A.B. asks: 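Quick one: the structure is below, questions incoming.
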Amino acid sequence: MTDASTPFRPRLARVVTLAVGALAVVLTILLLLALPDLAALDKAGFALLAVLIAGFCWRQADVQAVPDDEGLTVRNLVLRRRLVWADIVSVRFGHGRPWVQLDLADGTTLAVMGIQRSDGAFANREARRLATLVAQHTATSRDD
């Protein structure tokens with residue numbers, strides 16, 4: 001059973017991106033060991049590239065949406081955004097969408113990369129859990 005405050009995180013993308021980041025670092029180390037005659041600047045360039053790839057992969061693996069009593073904090077690949085529950089009008093996860101999309105009260109939308117289509121049935125359950133949280137926190141006495 002999932003607690004209402006459990007963060008929304010992807011599964012498959014998290015595993016794949018962490019593996020790719022680790023592989024980039026390991027292969028770079030092996031390359032540098034296999035080519036000991038490389039110039040120092042070339043070695044530094046390879047190391048910097050591996051660090052950038054690993055950093056990007058770490059950031060991708062760390063996307064999430066964290067619910068609490070007041071709202072939802074969405075951390076996507078580049079941006080982090082804090083929403084109060086009243087800001088969220090609806091949760092959409094239709095066919096063709098790679099991740100959940102929130103329709104917001106100001107007329108804009110926000111992707112929630114923490115729930116990704118590649119996770120299949122798990123993603124569908126998580127999208128329903130998020131929609132349920134939104135409904136619970138935005139219900140009014142008139143239920144409009």
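Sequence positions, counted from 1, serve as the residue numbers for this chain. Bear in mind the structure is a predicted one, so any value in this text is a computation, not a measurement.
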A.B. asks: Can you run down the side-chain hydrogen bond (donor to acceptor under 3.5 Å, both in side chains) pairs that involve residues 71-80, sequence neighbours left out, and say none if there aren't any?
C.D. replies: Asp62-Arg75, Thr73-Arg82
A.B. asks: If you compare all heavy atoms of Asp68 against all heavy atoms of His137, which two are closest, and at what distance to 0.1 Å?
C.D. replies: O-NE2, 4.3 Å
A.B. asks: Treat each ILVMFWY residue as a node, draw an edge where side-chain heavy atoms are under 4.5 Å apart, and state whether Met113 and Val78 are in one component.
C.D. replies: yes
A.B. asks: Under the side-chain contact (heavy atoms from CB on, under 4.5 Å) test, which residues partner Val15, sequence neighbours left out?
C.D. replies: none
A.B. asks: Kindly give the cluster partners of Val20, where membership spreads through any ILVMFWY side chain lying under 4.5 Å from a current member.
C.D. replies: Leu12, Val16
A.B. asks: Hydrophobic side-chain clustering at under 4.5 Å (ILVMFWY, transitive links): who's grouped with Val51? Put none if nobody.
C.D. replies: none
A.B. asks: Under 4.5 Å between side-chain heavy atoms, counting indirect links through other Ile/Leu/Val/Met/Phe/Trp/Tyr residues: same cluster for Val63 and Leu79 or not?
C.D. replies: yes
A.B. asks: Do Leu31 and Leu35 have side chains that get closer than 4.5 Å, going by heavy atoms?
C.D. replies: yes
A.B. asks: Identify the heavy atoms of Ala61 and Thr17 that sit nearest to each other, and give their distance.
C.D. replies: CB-OG1, 3.3 Å
A.B. asks: Check this for me: Leu33, atom CG, are more than 12 non-hydrogen atoms of other residues, nucleotides or ligands nearer than 6.0 Å?
C.D. replies: yes
A.B. asks: Between Ala24 and Thr28, what is the shortest heavy-atom contact and its length?
C.D. replies: O-OG1, 2.7 Å
A.B. asks: Hey, what else clusters with Leu72 if you join Ile, Leu, Val, Met, Phe, Trp, Tyr whenever side-chain heavy atoms sit under 4.5 Å?
C.D. replies: Phe8, Val74, Leu83, Trp85, Ile88, Val91, Phe93, Val100, Leu102, Leu104, Leu110, Val112, Ile115, Leu130, Leu133, Val134
A.B. asks: What residues join Leu49 in its hydrophobic cluster, counting side-chain heavy atom gaps under 4.5 Å, either direct or through other members?
C.D. replies: Ile53
A.B. asks: Where do Cys57 and Gly21 come nearest, in terms of heavy atoms and distance?
C.D. replies: SG-N, 3.7 Å
A.B. asks: With sequence neighbours excluded, what pairs up with Phe122 under the side-chain contact (heavy atoms from CB on, under 4.5 Å) test?
C.D. replies: Arg11, Asp119, Arg125, Glu126
A.B. asks: Residues in side-chain contact (heavy atoms from CB on, under 4.5 Å) with Leu48, at least two apart?
C.D. replies: Leu52
A.B. asks: Output all residues satisfying salt bridge (Lys or Arg N to Asp or Glu O under 4.0 Å) with Asp37, sequence neighbours left out; order by chain, then residue number.
C.D. replies: none
A.B. asks: For Asp106 versus Arg81, what's the shortest heavy-atom pair and its separation?
C.D. replies: OD2-NH2, 3.8 Å
A.B. asks: What residue pairs, at least two apart or across chains, pass ring-ring contact (aromatic ring centres under 6.0 Å, His included) with a residue in residues 37-76?
C.D. replies: none
A.B. asks: Might you point out which heavy atoms bring Gln64 and Pro7 nearest each other, and give the distance in Å?
C.D. replies: OE1-CB, 3.7 Å
A.B. asks: Report the distance from atom CD of Gln116 to atom CZ of Arg9, rounding to the nearest 0.5 Å.
C.D. replies: 13.0 Å
A.B. asks: Test of understanding: with side-chain contact (heavy atoms from CB on, under 4.5 Å), list the residues that count as partners of Val25, not counting sequence neighbours.
C.D. replies: Ile29, Ala54
A.B. asks: Once side-chain hydrogen bond (donor to acceptor under 3.5 Å, both in side chains) is applied, what residue pairs with a partner in residues 86-96 remain, sequence neighbours excluded?
C.D. replies: Ser90-Asp103, Arg92-Asp103
